[in-house]
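Quick note on labels: first sequence line is chain A, next is B, and so on, each numbered from 1.
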There are 2 protein chains.
Amino acid sequence: MPGNYRPPKTAVTPQQLYRLIHAIYVMLDDGDRRVLREFNLTLSQYRVLRRLDREKGQRLTTLSRRLLFAKSTITRIIDQLESEGLVQRTLDAEDRRAWRVVLTPAGEELLTRAREAHERAVQERLNGAFDSEEGREQFSALLRTLHDYLVEDLRARKSNHRTG
Amino acid sequence: MPGNYRPPKTAVTPQQLYRLIHAIYVMLDDGDRRVLREFNLTLSQYRVLRRLDREKGQRLTTLSRRLLFAKSTITRIIDQLESEGLVQRTLDAEDRRAWRVVLTPAGEELLTRAREAHERAVQERLNGAFDSEEGREQFSALLRTLHDYLVEDLRARKSNHRTG
DNA sequence: GCGCAATCGTTGCGTCTGCAACTATTCTAG
DNA sequence: CTAGAATAGTTGCAGACGCAACGATTGCGC
């Protein structure tokens, strides 16, 4: 092993940032699952429902791209949600290969309740961490910088990539 | 990137922060898997190897608590890593129920290579997002605030909780 | 119009993960 | 010392997910 050079601790390495983000995610995720379990929803199902609420009548492929899930995963999530009467596949008038997925009234109702509980839980945790509006804003701005960069990065990479 | 959308919002809601964190995580995770696949490692295996490198001779239960995995999951990850000769279970002199898991030379060697590639990939993405050291430091400080709060929150919750 | 590539969604299969139940060992109360 | 609780780790089982292969439909080039 070559010399153990340890740089002065002033500089923040990307790895440190990364580890923090990962650790934070794992903890938030853990909390999410606890909340959503009360509504018989997995995190993935919840994400799909929210997505469908924001944009009505999406195709499965669109969902898979937006949520970074394999197409087959979306098929199965929609299968489940449909069997529980929360969403419905409807014909796509323009393309007979495709489905348009919409929320049913029951789906909207459940989403409303689940979201309310989920957001309350999120609120508690994040508000507890940042007591000042200023801190939250700073944090939000930096997160958005990173987010937008990654989106751009991903889009660039997509040119030579293929989804399953 | 088309039109630089500036949110009219004055107040930052916790949900916005949360969505950003989630989206960022999904993208980072996606990139990770791509890199680690070249070393035949899942992200979980990689995390376990790193953890074992930092603290030698850990118990399975300790790993499961540190990494927020179920005990059974750790058992299987160690099984795999051991069958590939990357780690080894050794007897715990003080407790005959427990194992002490250590990296083998092959495990250390693979970890070194995988980490090098992984960290380079992380570096590219995060350095690309924040060009100034100042931005990184600010971001790091805020992430740490949130991280520490969540750790504390989790610890408090643990009192009445049980792991599988 | 015709044939071939691309795209939409589904299915088979393997892997990863958590939960619950279990054995073996250690700890604790009396 | 002993009985029962607690803890370390494993295993059975089921759910969630990705990848590859597939049929159906659409779009493109000629």
Side-chain angles (χ1 to χ4, degrees), chain A residues 25-26 29-34 36-37 40-49 57-84 87-101 158-164, chain B residues 25-26 29-34 36-38 40-49 57-84 87-101 158-159 161-164:
Chain A
Y25 178 76
V26 170
D29 182 70
D30 193 60
D32 283 354
R33 292 178 191 282
R34 253 198 292 274
L36 294 174
R37 184 169 311 157
N40 267 318
L41 287 175
T42 62
L43 180 55
S44 306
Q45 292 173 333
Y46 178 64
R47 292 180 62 205
V48 168
L49 290 180
Q58 289 191 71
R59 294 183 176 184
L60 299 178
T61 301
T62 309
L63 287 170
S64 97
R65 275 199 286 256
R66 293 259 193 283
L67 299 173
L68 286 180
F69 279 128
K71 287 188 305 178
S72 55
T73 301
I74 293 293
T75 293
R76 284 164 188 135
I77 293 175
I78 297 298
D79 283 350
Q80 296 161 355
L81 294 174
E82 191 166 29
S83 80
E84 291 165 18
V87 306
Q88 204 171 356
R89 283 177 171 88
T90 64
L91 291 176
D92 183 325
E94 297 157 2
D95 189 337
R96 285 195 297 167
R97 292 170 303 180
W99 295 105
R100 298 289 181 168
V101 187
K158 266 241 181 80
S159 320
N160 12 338
H161 195 55
R162 186 154 305 273
T163 28
Chain B
Y25 178 77
V26 169
D29 183 68
D30 193 61
D32 282 355
R33 292 178 192 281
R34 254 198 292 273
L36 294 174
R37 183 169 311 157
E38 296 169 22
N40 268 317
L41 287 175
T42 62
L43 180 56
S44 305
Q45 292 173 333
Y46 178 65
R47 292 180 62 204
V48 168
L49 290 180
Q58 288 191 72
R59 295 183 176 183
L60 299 177
T61 301
T62 309
L63 287 170
S64 97
R65 275 200 287 255
R66 293 259 192 284
L67 299 173
L68 286 181
F69 279 128
K71 288 188 306 177
S72 56
T73 302
I74 294 292
T75 292
R76 283 163 189 136
I77 292 175
I78 297 298
D79 284 349
Q80 296 161 352
L81 294 174
E82 191 166 28
S83 79
E84 291 166 17
V87 306
Q88 204 172 357
R89 282 177 171 89
T90 64
L91 292 176
D92 184 324
E94 296 157 1
D95 190 336
R96 284 194 298 168
R97 291 171 303 181
W99 295 105
R100 296 290 180 170
V101 187
K158 265 240 182 80
S159 320
H161 196 52
R162 186 153 305 274
T163 27

Heavy-atom donor-acceptor pair, Ser72(B) side-chain to dC19(C) base, under 3.5 Å: yes

4.5 Å side-chain heavy-atom contact, Asp95(A) and Arg59(A): yes

Atom-to-atom span, CG of Leu36(B) to C1' of dG18(D) - whole angstrom: 16 Å

Most 5' of Gln58(B) and Leu43(A) on DNA chain D, judged by nearest nucleotide: Gln58(B)

Asp79(B) CG - dT15(C) C1' separation (whole Å): 14 Å

Donor-acceptor pair under 3.5 Å, Arg34(A) side chain vs dG18(C) base: no

Integer-rounded Å distance: dC16(C) P and Leu81(B) CG: 10 Å

Flag, side chain of Glu82(B) to backbone of Arg89(B), donor-acceptor distance under 3.5 Å: yes

Whole angstrom value for the distance that separates P of dT7(C) from CZ of Arg59(A): 12 Å

Nucleotide nearest Leu60(A) (side chain, heavy atoms from C-beta), chosen from dA6(D), dG18(C), dT10(C): dT10(C)

Check: Arg76(A) side chain, dG18(D) base, donor-acceptor under 3.5 Å: yes

OP1 or OP2 of dG9(C) under 4.0 Å from side-chain N/O of Thr75(A): no

Under 4.0 angstrom between Gln80(B) side-chain N/O and dT15(C) OP1 or OP2: no

Rounded distance (Å) that lies between atom C1' of dT10(D) and atom CD1 of Ile77(B): 15 Å

Which atom of Arg100(B) lies closest to which atom of Leu91(B), heavy atoms considered: CG-O, 4.1 Å

Residue pair Leu60(B) / Lys71(B), side-chain heavy-atom distance below 4.5 Å: no

Distance in angstrom units between Phe69(B) CZ and dG18(C) P, rounded: 6 Å

Bend angle of the helix from dG1(C)-dC30(D) to dG30(C)-dC1(D), from helix axes over five pairs at each end, nearest 10°: 30°

Minimum heavy-atom distance between Thr42(A) and Leu36(A), given as atom pair plus value: O-CD1, 4.2 Å

Spacing of Arg33(B) atom CZ relative to dC19(D) atom C1', expressed in whole Å: 14 Å

From dC8(C), dG18(D), dA8(D), nucleotide with atom closest to Thr61(B) side chain: dA8(D)

Leu49(B) and Leu41(B), any side-chain heavy atoms less than 4.5 Å apart: yes

5'-most by nearest nucleotide on DNA chain D - Arg37(B) or Thr42(A): Thr42(A)

Leu63(A) versus Gln58(A), closest heavy-atom pair with distance: CD2-NE2, 3.9 Å

Donor-acceptor pair under 3.5 Å, Arg96(B) side chain vs dT25(C) base: no

Sugar-phosphate, base or nothing in reach of Arg89(A), heavy atoms under 4.0 Å: sugar-phosphate

Shortest non-hydrogen separation from Glu94(A) to Asp92(A) and the atoms involved: N-OD1, 2.7 Å

Length of the CG-P vector between Asp92(A) and dC8(C), whole Å: 10 Å

Side-chain donor/acceptor of Arg97(A) to base of dT26(D), under 3.5 Å: no

Shortest side-chain distance from Lys71(B), nucleotide among dT10(D), dC8(C), dT10(C): dT10(D)

